[in-house]
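Here the structure is laid out as C-alpha cells; the discussion comes afterwards.
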Number of protein chains: 4
Amino acid sequence: MSDVKKVVLAYSGGLDTSVIVKWLQETYDCEVVTFTADIGQGEEVEPARAKAEALGVKEIHIEDLREEFVRDYVYPMFRANTIYEGEYLLGTSIARPLIARRLIEIANQTGADAISHGATGKGNDQVRFELGAYALKPGVKVIAPWREWDLTSREKLMGYCQQHDIPVDFSSKKKSPYSMDANLLHISYEGGILEDPWAEAEEDMWRWSVSPEAAPDTPTYIELTYEKGDIVAIDGVPMKPHDILEKLNRLGGDNGIGRLDIVENRYVGMKSRGCYETPGGTIMLRAHRAIESLTLDREEAHLKDELMPKYAEVIYNGYWWSPERRMLQAAIDETQKNVSGVVRMKLYKGNATVAGRRSDQSLFDESIATFEDDAGAYDQKDAEGFIKLNALRLRIAAGKGRKQD
Amino acid sequence: MSDVKKVVLAYSGGLDTSVIVKWLQETYDCEVVTFTADIGQGEEVEPARAKAEALGVKEIHIEDLREEFVRDYVYPMFRANTIYEGEYLLGTSIARPLIARRLIEIANQTGADAISHGATGKGNDQVRFELGAYALKPGVKVIAPWREWDLTSREKLMGYCQQHDIPVDFSSKKKSPYSMDANLLHISYEGGILEDPWAEAEEDMWRWSVSPEAAPDTPTYIELTYEKGDIVAIDGVPMKPHDILEKLNRLGGDNGIGRLDIVENRYVGMKSRGCYETPGGTIMLRAHRAIESLTLDREEAHLKDELMPKYAEVIYNGYWWSPERRMLQAAIDETQKNVSGVVRMKLYKGNATVAGRRSDQSLFDESIATFEDDAGAYDQKDAEGFIKLNALRLRIAAGKGRKQD
Amino acid sequence: MSDVKKVVLAYSGGLDTSVIVKWLQETYDCEVVTFTADIGQGEEVEPARAKAEALGVKEIHIEDLREEFVRDYVYPMFRANTIYEGEYLLGTSIARPLIARRLIEIANQTGADAISHGATGKGNDQVRFELGAYALKPGVKVIAPWREWDLTSREKLMGYCQQHDIPVDFSSKKKSPYSMDANLLHISYEGGILEDPWAEAEEDMWRWSVSPEAAPDTPTYIELTYEKGDIVAIDGVPMKPHDILEKLNRLGGDNGIGRLDIVENRYVGMKSRGCYETPGGTIMLRAHRAIESLTLDREEAHLKDELMPKYAEVIYNGYWWSPERRMLQAAIDETQKNVSGVVRMKLYKGNATVAGRRSDQSLFDESIATFEDDAGAYDQKDAEGFIKLNALRLRIAAGKGRKQD
Amino acid sequence: MSDVKKVVLAYSGGLDTSVIVKWLQETYDCEVVTFTADIGQGEEVEPARAKAEALGVKEIHIEDLREEFVRDYVYPMFRANTIYEGEYLLGTSIARPLIARRLIEIANQTGADAISHGATGKGNDQVRFELGAYALKPGVKVIAPWREWDLTSREKLMGYCQQHDIPVDFSSKKKSPYSMDANLLHISYEGGILEDPWAEAEEDMWRWSVSPEAAPDTPTYIELTYEKGDIVAIDGVPMKPHDILEKLNRLGGDNGIGRLDIVENRYVGMKSRGCYETPGGTIMLRAHRAIESLTLDREEAHLKDELMPKYAEVIYNGYWWSPERRMLQAAIDETQKNVSGVVRMKLYKGNATVAGRRSDQSLFDESIATFEDDAGAYDQKDAEGFIKLNALRLRIAAGKGRKQD
C-alpha cells in the first residue's frame with residue numbers, strides 16, 4: 001500500500017476528515033495535502049488551516065469557490081429546470097464535480113498521485129467524487145477510507161482520536177443526530193429518525209428556513225431579471241450569481257420556502273430518505289419556468305422537458321464531467337439565447353408563486369391569443385384543416401375497423 | 001349544407017350553446033339532439049332540459065358522468081404524474097375525450113350523422129372534441145359554429161337572440177370577465193386582464209379556493225390509501241374515485257391549495273395565459289409521487305419520468321383516443337401493480353407537503369440504507385468496482401487525451 | 001385574389017410548373033419570378049431560362065446549389081445517422097429547406113410578396129416548402145396551385161396548355177409512369193404500380209443503380225476519410241462535399257447499392273409507398289456509424305440513437321428551420337469533434353460493408369479489450385462490485401417478494 | 001470459502017467448464033450440479049453427460065431449450081425491431097436470461113445455494129448471467145471462476161488439466177483462434193486478429209453463411225406470415241418459432257445474408273470488436289419492419305423507434321429480468337395486436353430486401369394515397385390550414401425578430 005507518495009484530501013476541518021488525515025499518513029506513509037473550500041456551507045473555512053497544521057500537514061489549500069460554484073455549475077443546471085425524480089433539486093450532486101476538479105488540479109500542482117475524500121461506501125458522493133477524478137486524471141489513485149478501514153462505529157473513531165491525539169471538540173454544539181451536507185444551493189439531512197419514511201421530520205432539524213407557520217403574515221414580492229437563462233439582477237439591482245443565490249436563500253428561508261422531504265433512489269442501488277432545504281433554488285426553478293413560458297418556442301420547451309430527467313440523472317449519478325453531459329448542455333444552452341426578461345415572484349409562507357412575467361423576447365402575442373376580435377391575425381377556418389389532417393390517420397384506422405378505445 | 005339530418009350538440013344550457021341550437025336548426029335545417037353532462041362543473045345540469053325543450057329539441061340527454069370521469073380518465077392520468085409544461089395538471093384536457101365519446105355514442109344511438117360543440121377556433125378544445133369524434137366514428141360530420149358563423153361579437157350574439165326569441169337571463173349573476181371551464185378536476189380562467197402576462201390575477205377571480213392568506217392558521221393532516229396507483233380511501237374510509245376527488249377539492253380549497261397561473265403553449269400554435277384551480281389534483285400529484293417513491297423500482301420510475309412529457313402532450317393535444325396513448329398507458333399501468341400503501345399529507349396555506357409514507361410493498365430497506373452498522377447487508381467494498389467500471393470509458397478517453405471539461 | 005404583386009416560383013422547367021407560371025399570371029394578375037436550382041437532379045437547368053422567357057418571365061434565377069446543398073444540409077443530417085422509420089434516408093426532405101430559403105431570399109431581393117411551388121396537396125413537400133417559407137418570412141403569401149385550381153387531371157392540364165400556347169414536348173422520352181424527384185442525395189419514385197404495396201418494383205424503374213444481379217462480380221474497396229463527422233476525402237484524395245457525394249453515388253450505383261422500397265407515414269396523415277435510390281447516402285450512413293464506433297463515447301452514442309428518430313421526424317415533417325432542429329443539431333454537433341479517421345468500405349452487389357476502421361481519436365483500447373493477458377490494465381475483480389451494486393435494486397425487490405418474471 | 005454446499009454450473013462440456021467443475025469441487029469442497037442446454041448452438045449436448053459423469057458429477061441436467069428460447073425471448077425482442085448501437089442484433093445477449101433462469105430453477109430444485117458460469121471478468125456475459133440470477137434469487141451465491149482463480153493463461157489451464165486428469169481432446173478440429181458463442185439466433189466471433197479494428201475478418205472464420213460472392217446467382221423468394229408481430233409460417237406452412245428461425249438461418253446463410261463486423265461498447269466500459277452471423281435474424285428484422293409499415297399507426301411506430309435504443313440497451317446490459325424491461329415490453333406488445341399479414345422477401349447475395357407486403361389489417365389506403373383522382377377521399381384544401389397552424393409558432397417568432405437560421 002506504500003506506493004502512494006502524496007494524496008490530496010477533501011478536508012472539512014471536522015472530526016472525520018481529521019481522522020482521515022492521520023489515517024492516511026499512517027496507513028500509506030504518505031504526505032497529505034488538504035483542500036478546504038468555501039462553497040457556501042455557512043461555516044468558516046479558515047479554522048481548517050490550524051487544524052491541518054496541527055496534524056502535520058504542510059500543503060494546505062483553502063479557497064473561496066462560491067462564485068465559481070454558482071456561475072459554472074448551479075446556473076447551467078437551472079437552465080434545464082433540473083429536478084431528480086420529480087422533486088430533488090440536486091443540491092449535493094452539483095457541488096461534487098467542482099470539488100473533484102479542484103482536487104485533481106491541486107494534485108497536478110503539488111505532484112500528488114492520489115486523492116481522498118470522506119464519503120462513505122453507501123452513498124452517491126463517493127461515486128461523484130471518483131468519477132470526476134478519474135475523468136479528469138485517469139491514472140489517479142483514489143483512496144476512500146470509509147471503504148477500507150475498520151473504524152466503522154463512532155466509538156472506534158473516538159478511540160482512534162484518543163490514540164492519535166486528535167483533539168475532539170466536545171464543547172461545541174451538540175452533535176446533530178443527522179448526517180448533513182451544505183453548500184450555497186442547499187442543506188441536506190439524512191439518518192436519525194429520517195430512516196423511518198413514515199416519521200415526519202422534526203421542526204428543529206431545519207436550519208435555513210422558518211416553517212411556513214412561523215413565516216411572516218404578509219407576502220414579499222421580488223422581481224428577478226433574466227439574461228440568456230440566468231438571473232442577473234434582483235429588483236433591478238445587478239448582482240453576481242452567488243450573491244443572487246445567497247439573497248434568494250435568505251428571502252426564501254425567511255418565508256418558509258424550499259423544504260423538501262423525499263425518498264430517493266441512490267445510484268448505488270438502494271432507496272434513502274432525505275430532507276433538503278433549497279430556499280433560493282426553489283424560487284429559481286419556478287421563476288425560470290415562468291420566463292421560459294414567455295420566451296421559449298413550444299417544441300424546444302417540450303424537448304427540454306423530455307431531456308431533463310436524463311440530464312438530472314447524469315448529474316445525480318456523478319457524470320458532470322462526461323461527454324453525455326456536455327452533449328445535453330449544448331442542447332440546453334442553445335435554447336437559452338432569448339430567455340431574457342423579468343419575473344415577479346410572490347413569496348409567502350412556503351409558497352413561491354409567479355405573479356407576473358414580461359420580456360422583450362416574449363413570444364406571447366396578445367393580438368392572436370385574445371378572445372376578443374383579433375382583426376384577422378388568426379384565421380379560425382385554418383383550424384378545420386389542421387384538425388382534419390391530424391385526425392386522418394385515426395380516421396383511416398377507425399374506418400378499417402380498428403377499435404380506438 | 002343541408003346534407004346533415006341530425007346533429008348531437010354538447011349543450012351546456014348557457015347562452016352560447018343555446019344560440020348554437022337555433023343556429024344549427026336554421027343553418028342546416030336539421031334536428032338537434034342535446035347532450036348535457038355533469039362532470040362536476042358545480043352547476044345543476046337538469047335545468048338544461050327545459051331550456052332545450054324551449055328551443056324545440058326533442059331528444060335531450062342529461063347524464064351524471066362524474067364517476068366515469070374520475071375513474072376512467074383522471075385516475076389513469078394521475079398514475080403517470082402527468083403535468084404539461086412542468087405546471088399544468090390538464091384539468092380541461094382530460095374531460096374532453098369523455099365528452100367526445102358520449103357525443104359519438106349518442107350519435108350512434110339516435111342515428112345522428114353529425115356532432116357539434118361550442119368551442120372556438122382558436123383553442124385546444126375544438127381539437128380535442130374533434131380528434132376524439134373522428135377517431136371513434138371516422139365518417140362523422142363535425143360542425144363547429146364558431147369557425148363558421150359571423151356572430152363574432154357579443155353584440156351580434158345578442159342580436160341573434162333577440163331575433164330568434166332566445167331568452168337571455170339578465171337577472172343572473174354578473175357575467176364573469178373570464179372565460180371559464182370547470183369539472184371535478186379543476187376550474188380554468190382565461191381572458192380579461194389575464195391577457196397581460198405581467199398582471200397578477202385578481203383575488204376575486206378564484207372560486208374554488210381561499211387564498212393562502214385566508215386559509216386556516218393550523219394545518220390539516222390527511223392519510224391517503226393507495227391501491228395499484230389509485231387512491232381508494234381517505235383517512236381509512238374507502239370511497240369512490242369521484243367522491244375522493246370531491247373531498248380532496250374541498251380540503252385543498254379550504255387550505256388555499258392548487259392555484260396556478262401560467263403561460264402555456266396551445267396545440268394550435270400560440271401562447272396563452274391561463275389560471276387554474278386544481279385543489280384535489282395538486283394533493284394527488286404530490287401524494288402519488290410519494291407512494292411511488294417507496295414502491296417503484298428506480299429504473300421504471302426514471303423511465304416514467306422520461307415518458308411523462310410525451311404522455312402529457314398526447315393528452316393536451318387531444319389524442320386520448322389514439323394508439324400512442326394506449327401504448328404509453330400500457331407502460332404506465334404495468335408499473336403500478338405494487339404502488340399501494342398510505343401517504344400522510346399536511347395541508348397548510350397553499351402547501352401540500354408529504355408528512356409520511358408507508359407501504360407493505362415498500363422497497364425502502366432500512367437495514368441497507370442505514371448510516372449505522374448494517375450487519376453486512378451491504379458490502380461497501382463493492383462500491384470500488386462499481387465506480388471503477390463505470391469510470392472506465394471516461395478514463396480511457398482521458399488517457400487518450402480527450403478533454404473532459 | 002389580386003393582392004399579390006409578385007410571386008417567386010420554384011420552377012423546374014417542366015410541364016407542370018410551366019402551367020403554373022401561366023396560371024399565376026392569369027389568376028393573380030401578378031408578375032412571376034422563376035427560380036430554378038441545380039441540386040444534382042441530373043438534368044440541365046439552363047434550358048429553363050428559354051422556357052421561362054417564352055412564358056414572359058422577366059426575372060429568371062438559375063443557380064447551382066449543389067455545394068451548399070451537400071455541405072450545409074446533407075452533411076449535418078448524416079452526422080446523426082438519420083433515418084426515418086428505420087429505413088428512409090430523407091433524400092427529398094433534406095432538399096426542401098434549401099429551396100424554401102432561396103425562394104424567400106429571392107423574394108426579398110426582388111420585392112416579391114408571395115412564393116409558389118408545384119407540390120400537391122397530399123404530400124409532404126408542400127408542408128416542407130411552406131413551413132420553411134413562413135419561418136423565414138412570416139408575412140409571406142404562399143400560393144399552392146395544386147390546392148387551388150381545378151386542373152386535377154392530366155387531360156385538363158393538357159387542355160390548359162393548348163389554350164395558352166404552352167409547348168408540350170411530345171418528342172421527349174416517354175413520360176415515366178412514376179412521380180419522381182431527384183437531387184444529389186437520391187431519386188424517388190411514387191405512384192403507378194407502386195400504389196400496390198404487394199407489387200415488386202419493376203427493374204426498369206430504377207435509374208441510378210444497376211441491380212445487384214447486374215453489378216460486377218468483384219468487389220470495390222474504398223477508403224473514406226472523416227474529419228469531425230464529415231467525409232473529406234475518398235481514397236486519400238481531398239474533395240468537396242458535393243464531389244464526394246457524386247462520386248459515392250457513382251460507386252454505389254455501379255455496385256447495385258442503395259435501392260429501397262418502403263411504405264412510409266406521411267406527415268399529412270396517410271401511408272404511401274415509395275422507392276428510393278440513395279447509393280452514396282447508403283454508403284455514408286454505414287461508414288459514419290463505423291467511424292463513430294471507434295471514436296464516440298458509449299453514452300453519447302446511445303443518446304444520439306435515442307434522439308435520432310425525433311431529429312429524423314423533425315426533418316421529414318419540414319421543420320428544418322425551427323428551434324427544435326437547431327437544439328438537436330447543437331447536441332449532435334457537440335459529439336462530432338473527435339469523429340475523425342478512416343473507414344474502409346467494401347462495395348459488392350448491393351452490399352456496403354465495413355471492412356476496417358482506424359482513427360487517431362480511437363477509444364478502442366486493445367490492451368484492455370484483449371482476451372490475452374492485459375498486464376493489469378483491467379482488474380477483473382472490479383466486475384464483482386459492479387455487478388453486485390447494479391443488481392442491488394433487483395435483489396431488494398426480489399427479497400421483498402416481487403416477482404421478476 | 002467452504003460455505004457453499006452445492007453449486008449449479010452452466011456446463012458446455014468443453015475444456016474450460018470441465019476445468020471449472022474440478023476447480024469448484026476442489027476450491028469450495030462442494031457438490032457440482034451441471035446444466036447443459038441446447039439453445040441451437042449446433043453442437044450435440046448429450047456428450048456432456050459422460051464428461052460430467054467422468055468428473056464425478058451426480059446431478060446432470062441436459063435440456064433442449066430451443067423452442068422456449070425463440071418463443072419467449074427472441075420473438076418478443078424482435079417485436080421491437082431491436083438493434084444495439086445501430087447494428088447488433090443482440091444474439092448473445094438474448095440467450096443469457098434464459099440460461100440464468102434455468103440455473104436458478106435448477107438451484108431451487110436441487111437445493112443448491114450457488115451458481116457458477118464460465119464467463120470472463122471482462123465481458124458482458126458475466127453481468128447478464130449474474131443480474132438474472134440475483135433478480136430471480138436474491139440470496140444466491142455467484143461463483144465466477146475467471147474472476148477468482150489464477151489460471152489466467154492457456155498453459156496454466158493445461159497444467160491444471162494434467163494435474164487433475166481432465167481429458168483434453170487434442171484429436172478434435174484445430175482450436176479456433178476466435179472466441180465464439182453460438183445459439184439459434186447467431187454465432188459470434190471475438191479475439192484473434194479481430195482485435196485490430198482495421199483488419200478485415202478472414203473468409204474462413206465465418207461458419208454459418210457463405211460469402212455473398214459464393215452465394216447463388218439467382219435470388220430466393222420467400223413469404224413470411226405474421227400474426228400479432230410474430231412469424232407463424234414460411235411460404236404458407238405453419239411452423240413453430242424455433243423451426244422458423246432454423247429455416248431462416250439456412251435460407252439466409254445460403255444466400256450470404258447476416259454477416260456483421262462491428263466495434264461495440266460493452267457495459268463494463270470498453271470497446272470491443274465483434275463479428276456476428278445472424279442470417280435468420282437479419283431477414284426477420286427487415287420483414288418485421290415491412291409488416292409494421294403497413295399495419296402500425298404512425299405515432300406508435302415513431303414512439304417504438306424512440307424507445308427501441310433504450311430497450312436494446314436494457315437487454316444488452318443484462319436487465320431482461322427487470323421492471324424496466326417489462327414496462328417497455330408492455331408498451332411494445334400493446335402495439336402488435338394488428339401486426340399481421342404477409343411479407344415477401346428476396347434473398348440474394350447478402351441482400352435481404354422486401355419485395356412486397358400485404359395485410360388484412362393494412363392501414364395503407366390506396367384511395368387516399370393515390371396520385372390519381374381520389375373521388376374526394378382527401379380534401380387538399382385541408383392542407384392549407386394544417387400548414388398554417390403548424391407554422392404559427394414559427395411565424396410569431398419570426399415576426400418578433402427571432403432568427404430562424
Side-chain angles (χ1 to χ4, degrees), chain B residues 121-122 124 126-127 135 138-139 147 265-271 295-304 306-307 310-311 313-314 317 319 322-339 363 365 377 385-397 399-400, chain D residues 121-122 124 126-127 135 138-139 147 265-271 295-304 306-307 310-311 313-314 317 319 322-339 363 365 377 385-397 399-400:
Chain B
K122 275 190 176 177
N124 295 305
Q126 56 173 343
V127 190
R147 297 201 304 255
N265 291 292
R266 285 197 194 144
Y267 189 28
V268 291
M270 84 271 286
K271 291 182 181 293
T295 58
L296 277 197
D297 168 80
R298 180 185 69 203
E299 293 303 308
E300 63 184 348
H302 290 198
L303 191 45
K304 280 191 72 200
E306 292 191 44
L307 292 179
K310 175 76 182 171
Y311 179 76
E313 187 185 270
V314 162
N317 288 353
Y319 293 96
S322 74
E324 64 269 27
R325 207 274 308 171
R326 287 192 296 277
M327 182 183 173
L328 289 164
Q329 197 72 53
I332 292 158
D333 289 355
E334 168 68 29
T335 66
Q336 300 293 296
K337 291 175 185 163
N338 297 294
V339 180
L363 298 174
D365 189 323
F386 177 75
I387 296 168
K388 284 179 83 173
L389 290 205
N390 277 316
L392 186 55
R393 64 183 171 96
L394 305 172
R395 293 174 78 182
I396 292 173
K400 303 233 170 193
Chain D
K122 276 190 177 177
N124 296 305
Q126 56 173 342
V127 189
R147 296 200 305 254
N265 291 291
R266 285 197 194 144
Y267 189 28
V268 290
M270 84 272 285
K271 290 182 183 292
T295 57
L296 276 197
D297 169 79
R298 180 186 70 203
E299 293 302 309
E300 63 184 349
H302 290 198
L303 191 46
K304 281 190 71 201
E306 291 190 44
L307 293 178
K310 175 77 181 169
Y311 179 76
E313 187 185 271
V314 162
N317 289 353
Y319 293 95
S322 74
E324 64 270 28
R325 208 274 308 172
R326 286 193 296 277
M327 182 183 173
L328 288 164
Q329 196 72 55
I332 292 159
D333 289 355
E334 168 69 30
T335 66
Q336 301 293 296
K337 291 175 184 163
N338 297 295
V339 180
L363 297 174
D365 190 322
F386 178 76
I387 296 169
K388 284 179 85 174
L389 291 205
N390 277 316
L392 186 56
R393 63 184 173 96
L394 305 172
R395 294 174 78 182
I396 292 173
K400 304 230 171 196

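Heavy-atom basis, side chains included; hydrogens, waters and symmetry copies ignored. Proteins come first, then strands; the chains are lettered A, B, ... in the order of their sequence lines, and each starts at number 1.
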Structural part of B/Lys271 lying under 4.5 Å from a heavy atom of chain D: neither
Close approach to chain D in residues 385-393 of chain B, criterion heavy atom under 4.5 Å: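 Within residues 385-393 of chain B, the residues that come under 4.5 Å of chain D (heavy atoms only) are B/Leu389, B/Leu392, B/Arg393.
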Listed by residue number, which members of residues 329-336 of chain B have a heavy atom under 4.5 Å from any heavy atom of chain D? B/Ala330, B/Ala331, B/Glu334, B/Thr335
From [atom1] ([X]) to [atom2] ([Y]), nearest 0.5 Å:
X        : Y        : atom1 : atom2 : result
D/Glu306 : B/Glu306 : CD    : CD    : 11.0 Å
D/Met327 : B/Leu307 : CE    : CG    : 5.0 Å
B/His302 : D/Glu324 : NE2   : CD    : 10.5 Å

Is the count of non-hydrogen atoms from other residues, nucleotides or ligands lying under 6.0 Å from D/Lys337 atom NZ greater than 12? no
Do you know the tightest heavy-atom contact between D/Gly269 and B/Ile396?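 Of all heavy-atom pairs spanning D/Gly269 and B/Ile396, the closest is O-CD1, 4.0 Å.
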